[in-house]
Amino acid sequence: MAITILTVNANNNGEKKINTKVSSVEWIGKKVTGQHEGTITIKEGNLSFHDGNLEKGTIVIDMTSITVTDLEGEWAEKLKKHLKSPDFFDIEKHSTATFTITKVTPEGKGKAKIAGNLTIKGITHPIEFTSTNEMKDGKFAAFAELKVDRTLYDIKYGSGKFFEGLGDKMINDEFIIKFKIAAE
């Protein structure tokens, strides 16, 4: 899968609204017998810049928009319905997830450590990851990939930590999120 880096205009200080049409979130969940992947829409958000550098921000993810991209037809619909159920994200009670950036620390050319709070199903935990950034012609580009332990957010279905004898039905506790964010 090709990774596209999106840009934001960061010439000046201040807050930029996330462009939800070009920003994206991809997810990958792995299990003993393979993996599934899909997308989730960003509902809204903003990023704050100081001297052209990312300083803080909030990203609201629309959990009702979760899709499955590696399956088709009824199999995709079946998995999507299950992901929306109380076994996983319980979207009837928790229609959004939120990531709030609390600190950005440069880690050398083109890299920054992002620290913040991730809220899924109303449960918040701190998380840190490295983002790839580029400033070119007054535009800021960023991409991040992080692993999230779903069991911290009360998503225990198929977890070997909580259930014995799952065999090839066991689902990895960590899933991958890939953010591509643009703001203007």
Side-chain angles (χ1 to χ4, degrees), residues 1-6 23-43 45 57-103 105 107 111-133 142-181:
M1 168 180 5
I3 297 173
T4 303
I5 296 179
L6 304 173
S23 298
S24 66
V25 177
E26 297 175 24
W27 62 268
I28 299 170
K30 296 184 179 186
K31 56 185 182 172
V32 174
T33 59
Q35 71 179 39
H36 291 295
E37 55 192 66
T39 62
I40 311 171
T41 301
I42 294 174
K43 182 176 182 175
T58 301
I59 303 164
V60 180
I61 302 161
D62 180 3
M63 296 306 294
T64 67
S65 72
I66 195 165
T67 67
V68 176
T69 58
D70 66 304
L71 298 172
E72 294 181 2
E74 76 176 75
W75 290 107
E77 286 302 312
K78 184 177 177 182
L79 178 55
K80 182 170 74 170
K81 184 177 178 180
H82 197 198
L83 291 171
K84 290 180 175 185
S85 79
D87 282 345
F88 286 93
F89 296 104
D90 198 4
I91 61 128
E92 278 193 35
K93 292 181 182 172
H94 308 283
S95 62
T96 61
T98 305
F99 177 63
T100 303
I101 300 168
T102 57
K103 185 176 181 182
T105 307
E107 289 192 327
K111 302 279 184 186
K113 180 170 280 189
I114 307 294
N117 295 308
L118 179 61
T119 302
I120 300 173
K121 291 178 70 173
I123 301 167
T124 303
H125 287 283
I127 193 162
E128 286 187 356
F129 55 90
T130 299
S131 69
T132 302
N133 307 313
F143 168 79
E145 180 175 314
L146 59 141
K147 290 183 179 179
V148 176
D149 182 345
R150 67 189 175 94
T151 64
L152 295 175
Y153 301 92
D154 195 32
I155 304 170
K156 299 174 184 173
Y157 183 88
S159 171
K161 283 184 194 175
F162 298 95
F163 303 99
E164 293 182 18
L166 293 171
D168 66 358
K169 303 288 186 202
M170 188 173 75
I171 301 168
N172 291 13
D173 290 336
E174 288 187 332
F175 66 97
I176 298 168
I177 298 175
K178 295 179 181 182
F179 281 102
K180 299 173 197 172
I181 304 297

J.: For Glu26 and Lys180, what are the C-alpha separation, side-chain angles and deciding distance, and is it a side chain to side chain contact (heavy atoms under 4.5 Å, CB included)?
T.: CA-CA 9 Å; Glu26 297 175 24; Lys180 299 173 197 172; 3.0 Å; yes
J.: Measure the spacing between NZ of Lys147 and CG of Asn172 and express it to the nearest 0.5 Å.
T.: 9.0 Å
J.: Is there any salt bridge (charged side-chain N to carboxylate O under 4.0 Å, His left out) pair reaching into residues 111-130, and which pairs are they, with sequence neighbours excluded?
T.: Glu107-Lys113, Lys113-Glu128
J.: Which value, rounded to the nearest 0.5 Å, describes the distance between Ile40 atom CD1 and Ser24 atom OG?
T.: 10.5 Å
J.: Working to the nearest 0.5 angstrom, can you tell me the gap between Ile127 CD1 and Ile114 CD1?
T.: 12.0 Å
J.: Between Val25 and Ile42, is the side chain to side chain contact (heavy atoms under 4.5 Å, CB included) condition met? List the steps.
T.: CA-CA 7 Å; Val25 177; Ile42 294 174; 3.6 Å; yes
J.: What donor-acceptor contacts under 3.5 angstrom involve side-chain atoms of residues 61-79, with partners at least two apart or in another chain?
T.:
unit_1	atom_1	unit_2	atom_2	d
Asp62	OD1	Thr64	N	3.1
Asp62	OD1	Thr64	OG1	2.5
Asp62	OD2	Thr64	OG1	3.3
Ser65	OG	Thr41	N	2.7
Ser65	OG	Thr41	OG1	3.3
Ser65	OG	Asp62	O	2.6
Thr67	OG1	Thr39	N	3.1
Thr67	OG1	Thr39	O	3.4
Thr67	OG1	Thr39	OG1	2.6
Thr69	OG1	Glu37	O	3.2
Asp70	OD1	Glu37	N	3.1
Asp70	OD2	His36	ND1	2.7
Glu77	OE2	Lys80	NZ	3.4

J.: Let me confirm one number: the CD1-CG distance from Ile101 to Asn117, rounded to the nearest 0.5 Å.
T.: 11.0 Å
J.: So do the side chains of Thr98 and Thr58 get within less than 4.5 Å of each other, counting heavy atoms only?
T.: yes
J.: Applying ring-ring contact (aromatic ring centres under 6.0 Å, His included), name anything that partners Phe88, two or more places apart in sequence or on another chain.
T.: His82, Tyr157
J.: With sequence neighbours excluded, tell me which residues meet side chain to side chain donor-acceptor pair (under 3.5 Å) with Ser85.
T.: none
J.: What residues form a ring-ring contact (aromatic ring centres under 6.0 Å, His included) with His125, not counting sequence neighbours?
T.: Tyr153
J.: For Asp87, which residues count as a salt bridge (Lys or Arg N to Asp or Glu O under 4.0 Å) partner, sequence neighbours excluded?
T.: none
J.: At their closest point, which heavy atom of Arg150 faces which heavy atom of Ile171, and how far apart are they?
T.: NH2-O, 3.1 Å
J.: Let me confirm one number: the CD1-OG1 distance from Ile120 to Thr96, rounded to the nearest 0.5 Å.
T.: 11.0 Å
J.: Look up atom CG in Leu152 and atom CG in Leu118, then write down how far apart they are to the nearest 0.5 Å.
T.: 9.5 Å
J.: Check for a donor-acceptor pair, side chain of Thr102 on one end and backbone N or O of Ala115 on the other, with a separation under 3.5 Å.
T.: yes
J.: Determine the interplanar angle of the Phe129 and Phe99 rings, folded into 0 to 90°, and report it as parallel if under 30°, tilted if 30 to 60°, perpendicular if over 60°.
T.: tilted
J.: Between the side chains of Glu174 and Lys30, is the shortest nitrogen-to-carboxylate-oxygen separation below 4.0 Å, so that they form an ion pair?
T.: no
